Amino acid sequence: MLDIKKIRKDPEFFKQKLATRGIKAEEIDEVLELDQKRRDLLQKTEALKAQRNDASKKIGEAKRNGESADDAIKETRELGDQIKELDEKVEANDEVFHDKMSRLPNIPHDGVPVSLTEEGSVELRKVGKIRDFDFTPKHHWDVGENLGILDFDRARKVSGARFVYYLGLGAQLERAVYNFMLDEHMKDGYTEVLPPYIVNAASMYGTGQFPKFKKGVYQVNGEDMTLIPTAEVPLTNYYRGDVIPESELPVYVTALTPCFRSEAGAAGRDTRGLIRMHQFNKVEMVKYTKPEDSWDELEKMTANAENILKKIGLPYHVITLTTSDMSFTASETHDLELWMPAQNKYREVSSCSNCLDFQARRMHTQYRDENGKLQYVHTLNGSGLAVGRTVAAILENYQNEDGSVTIPEVLVPYMHGVTKITKENAVPFKK
RNA sequence: GGAGAGUUGUCCGAGUUGGCCGAAGGAGCAGCAUUGGAAAUGCUGUAUACGGGUUAAAGCCUGUAUCAAGGGUUCGAAUCCCUUACUCUCCGCCA
């Protein structure tokens, strides 16, 4: 949520900044009109309420003194009717106002590449050596299915498209990867959390998924409950409505959760493989910081995500997303994209964003500064990392010509010493 | 799922014959005094949001709202009624 007071003060700034995210100037004007109307109505109704409070006080005094107050009561009764009418207007106006406000995205940080599409993102750095294959690398789904560790067919039968079974060493590899990720984040100062996977609408609103992005999620039938599309929701809403003691800041948390996404509107995209699933595992990082620290913290968080890829040994690059490609709540986003040799391109594996006070305003999450004043915290979130996509990248980048997959060195202990997945050891019951 | 009790400020806790309640009292915290310094003690202060006025600003003045949330009754509700959420106790069920 943007600060209406700031919009009031400098509408042109907001029009200009939000234009880079596809918001028309008229939408700002509309919000300002509603705000003006709101204040006009408030003044009228509050004046009437003051009058009524005053009169009621006098009635109370009269009654206590045993005097009659019938006339005064009669007069005040009319005031009540007027107030009720105005209150309804205020409420109706507020509803529209809040709805419009809650659909305006965050202001992009200075320097974020301006573009109305995803084209134009800026590459910050390229890390890791892209392997030179002396055979044609297979897609990860072929590697996985040939080994028997991924079974899309039976998942399709049991659940539907965009689901998968991991089997044997495949399932263990997934577990090895996320355990490794969590352990690394703990070394970097994050506290591990195991949050709820189903949340209420207030939480979805708090992190900005609602009201604008209801289509992408799974809603529990007939209930005010949503399957989390990312652990960002339960991790960030942890402090919704709270004042965080200054001494606790910055707070670093991390969690492994499944993420559920309906992928409405993604028909035909990435229909094969682990890239775009209705259910996938992700290790998420969330930070609450003081405003002055959030940009530094974004760099650190990005480095925390990169650390995982460096240690596993997967080539990637880091890009800054364009004004339009960023998520609704973000002011700046760094994406990590993994090299997928069979696809011959980079695929997103992490998004690290600074949301400034945008989510904190929605959630009312504050802290008390040195002067004792309440201030909104800044929130950041980043994937650290998408587990399924990391596994996919391992299968592609570490595949051998004979169809086996070498386990990256750091993961071998997590695989209980297994150094290679072969047809022979992959799935015990399929021998 | 059934029955009952509860939800008040940072915390504890009073207030339920409706008006004198933004809300007693205590704790905590902050400032001042006392002290060589500290403890103890004493005094003072200690909500937030939104609007209006004023200010260079910090702030100050002022109005409205807020005693879980929403609605109702009433001139007026922390107090009465309804709905919902949550907490606790007992029973049932269950991993």
Side-chain angles (χ1 to χ4, degrees), chain A residues 1-10 31-102 194-206 210 219-220 222-226 234 237-249 251 291 357-377:
Chain A
M1 185 79 86
L2 298 172
D3 185 351
I4 184 63
K5 287 181 184 166
K6 286 187 184 155
I7 301 181
R8 241 182 250 157
K9 233 182 222 168
D10 192 356
V31 161
L32 283 171
E33 267 171 51
L34 287 162
D35 174 55
Q36 186 59 51
K37 196 173 165 198
R38 172 172 154 271
R39 286 186 292 156
D40 289 345
L41 286 168
L42 271 183
Q43 280 185 47
K44 278 187 209 162
T45 176
E46 286 185 0
L48 286 178
K49 281 179 183 171
Q51 209 178 320
R52 180 179 67 182
N53 287 346
D54 214 39
S56 288
K57 210 175 265 175
K58 283 188 186 131
I59 292 169
E61 275 172 41
K63 290 236 164 161
R64 245 174 291 130
N65 297 334
E67 297 161 14
S68 158
D70 292 353
D71 291 346
I73 289 176
K74 215 173 280 173
E75 273 174 45
T76 315
R77 192 171 289 156
E78 281 171 36
L79 268 181
D81 292 341
Q82 289 182 47
I83 288 169
K84 201 170 180 186
E85 207 176 299
L86 272 171
D87 269 347
E88 276 164 20
K89 279 188 191 168
V90 170
E91 201 186 325
N93 190 76
D94 266 11
E95 203 175 301
V96 184
F97 172 71
H98 277 125
D99 186 65
K100 300 273 183 206
M101 279 297 287
S102 64
L194 205 163
Y197 301 160
I198 307 182
V199 297
N200 58 30
S203 296
M204 292 295 283
Y205 175 85
F210 286 1
Q219 198 83 35
V220 177
E223 287 191 53
D224 170 29
M225 294 297 236
T226 304
N237 277 281
Y238 179 75
Y239 276 128
R240 170 153 54 83
D242 289 339
V243 175
I244 306 177
E246 194 195 352
S247 59
E248 286 182 22
L249 293 173
V251 174
D357 62 358
F358 190 86
Q359 292 178 323
R361 282 180 179 283
R362 290 175 163 243
M363 300 191 302
H364 301 289
T365 301
Q366 299 169 307
Y367 79 102
R368 223 170 264 286
D369 67 15
E370 315 79 53
N371 304 318
K373 278 194 72 176
L374 285 174
Q375 296 231 23
Y376 288 109
V377 299

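Note on naming: letters A, B, ... go to the chains in the order of the sequence lines (proteins, then strands), and numbering restarts at 1 for each one. Given the structure is predicted, the values throughout are model-derived calculations rather than measurements.
- Closest contact between the side chain of A/L374 and the listed nucleotides B/rC50, B/rG19, B/rU48 involves B/rU48.
- Using C1' as the reference atom, B/rG9 and B/rA24 are 13 Å apart when rounded to the nearest Å.
- The side chain of A/I59 has B/rG19 as its nearest neighbour among B/rG51, B/rG19, B/rG71.
- Put simply, A/R77 has no side-chain N or O that comes within less than 4.0 Å of OP1 or OP2 on B/rU74.
- With both ends at atom C1', the span from B/rA27 to B/rG36 equals 31 Å, rounded to whole Å.
- Residue A/T76 is in sugar-phosphate contact alone, with no base atom involved, counting any heavy-atom pair closer than 4.0 Å across all strands shown.
- Annotation: A/E95, atom CD; neighbour count of heavy atoms from other residues, nucleotides and ligands within 6.0 Å does not exceed 12.
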Worked verdict on A/K58 versus A/D54 for salt bridge (Lys or Arg N to Asp or Glu O under 4.0 Å): CA-CA 7 Å; A/K58 283 188 186 131; A/D54 214 39; 3.8 Å; yes
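- Within a 6.0 Å radius of CD in A/E78, other residues, nucleotides and ligands contribute 12 heavy atoms or fewer.
- Using P as the reference atom, B/rU8 and B/rG13 are 9 Å apart when rounded to the nearest Å.
- The same atom, P, is picked in B/rC91 and in B/rG15; the two are 30 Å apart, to the nearest Å.
- In this structure the side chain of A/T226 reaches within 4.5 angstrom of the side chain of A/F210, judged on heavy atoms.
- The nearest whole Å value for the distance from the CD1 atom in A/I4 to the P atom in B/rG51 is 9 Å.
- Taking 4.5 Å as the limit, every side-chain heavy atom of A/H364 sits out of range of all side-chain heavy atoms of A/L374.
- Looking at A/K373 and A/D369, no side-chain N of the basic residue comes within less than 4.0 Å of a carboxylate O on the acidic one, giving no salt bridge.
- Where A/D35 and A/K57 each meet RNA chain B at their nearest nucleotide, the meeting point lying more 5' is that of A/K57.
- Atom C1' of B/rA68 sits at a distance of 34 Å from the matching atom of B/rG59, rounded to the whole Å.
- Taking atom NZ of A/K44 as the reference point, atom P of B/rC50 lies 22 Å away to the nearest angstrom.
- The CD-C1' distance, from A/Q82 to B/rC75, rounds to 14 Å in whole Å.
- Taking a cutoff of 4.0 Å between a charged side-chain nitrogen and a carboxylate oxygen, A/D40 and A/K44 do not qualify as a salt bridge.
- Following rounding to the nearest Å, A/D87 (CG) and B/rC50 (C1') show an atom-to-atom distance of 14 Å.
- When the C1' atom is compared between B/rA23 and B/rU48, the two are found 15 Å apart, to the nearest whole Å.
- Counting non-hydrogen atoms of other residues, nucleotides and ligands closer than 6.0 Å to CD of A/E248 gives a total above 12.
- Remark: C1' of B/rC50 and NZ of A/K6 are 17 Å apart, rounded to the nearest angstrom.
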Show each protein N/O and nucleotides 6-10 of chain B N/O combination with a separation under 3.5 Å, one pair to a line.
none

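- Atoms CD1 (A/I73) and C1' (B/rG76) sit 9 Å apart, rounded to a whole Å.
- Within 4.0 Å (heavy atoms only), A/K5 reaches sugar-phosphate atoms of the nucleic acid but no base atom.
- Look at A/R39 and you'll find a side-chain N or O under 4.0 angstrom from OP1 or OP2 of B/rG52.
- The closest side-chain heavy-atom distance from A/V251 to A/Y238 is not below 4.5 Å.
- Taking the C1' atom of each, B/rG22 and B/rU66 are spaced 9 Å apart, rounded to whole Å.
- Rounded to the nearest Å, the gap between the P atom of B/rU79 and that of B/rG70 is 13 Å.
- Residue-level contact check: A/R361 touches neither bases nor backbone, having no heavy atom under 4.0 Å from any strand.
- A/S102 places a side-chain N or O within 3.5 Å of a backbone atom of A/D99 that can act as its donor or acceptor partner.
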Filtered N/O pairs between nucleotides 62-66 of chain B and protein, under 3.5 Å:
{"residue": "B/rG63", "atom": "N2", "partner": "A/E46", "partner atom": "OE1", "Å": "2.9"}
{"residue": "B/rG63", "atom": "N2", "partner": "A/E46", "partner atom": "OE2", "Å": "3.3"}
{"residue": "B/rG63", "atom": "N3", "partner": "A/E46", "partner atom": "OE1", "Å": "3.4"}
{"residue": "B/rU64", "atom": "OP1", "partner": "A/N53", "partner atom": "ND2", "Å": "3.1"}
{"residue": "B/rA65", "atom": "OP2", "partner": "A/N53", "partner atom": "ND2", "Å": "3.2"}

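- No more than 12 heavy atoms of other residues, nucleotides or ligands sit less than 6.0 Å from atom CD of A/E85.
- Rounded to an integer number of Å, the gap from A/D94 CG to B/rC50 P is 12 Å.
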Bracket notation of RNA chain B in which parentheses pair within the strand, [ ] cross earlier pairs, and | pairs with another strand (Watson-Crick or G-U, under 3.5 Å): ((((((((.[[[..)...(.....]]]((((((.......))))))((((((((....)))))))).[[[[[..)....]]]]])))))))....
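- Nucleotide B/rG76 holds its P atom 16 Å from the NZ atom of A/K74, rounded to whole Å.
- Side-chain atoms of A/R362 come within 3.5 Å of backbone N or O of A/Y205 as a donor-acceptor pair.
- Checking side-chain atoms of A/N200 against main-chain N and O of A/D224 turns up no donor-acceptor pair under 3.5 Å.
- Distances from the side chain of A/R8 to the nucleotides B/rG76, B/rG51, B/rG71 place B/rG51 closest.
- Tested against A/D35 for a side-chain hydrogen bond (donor to acceptor under 3.5 Å, both in side chains), the candidates A/R8, A/K5, A/K100 yield a single pass: A/R8.
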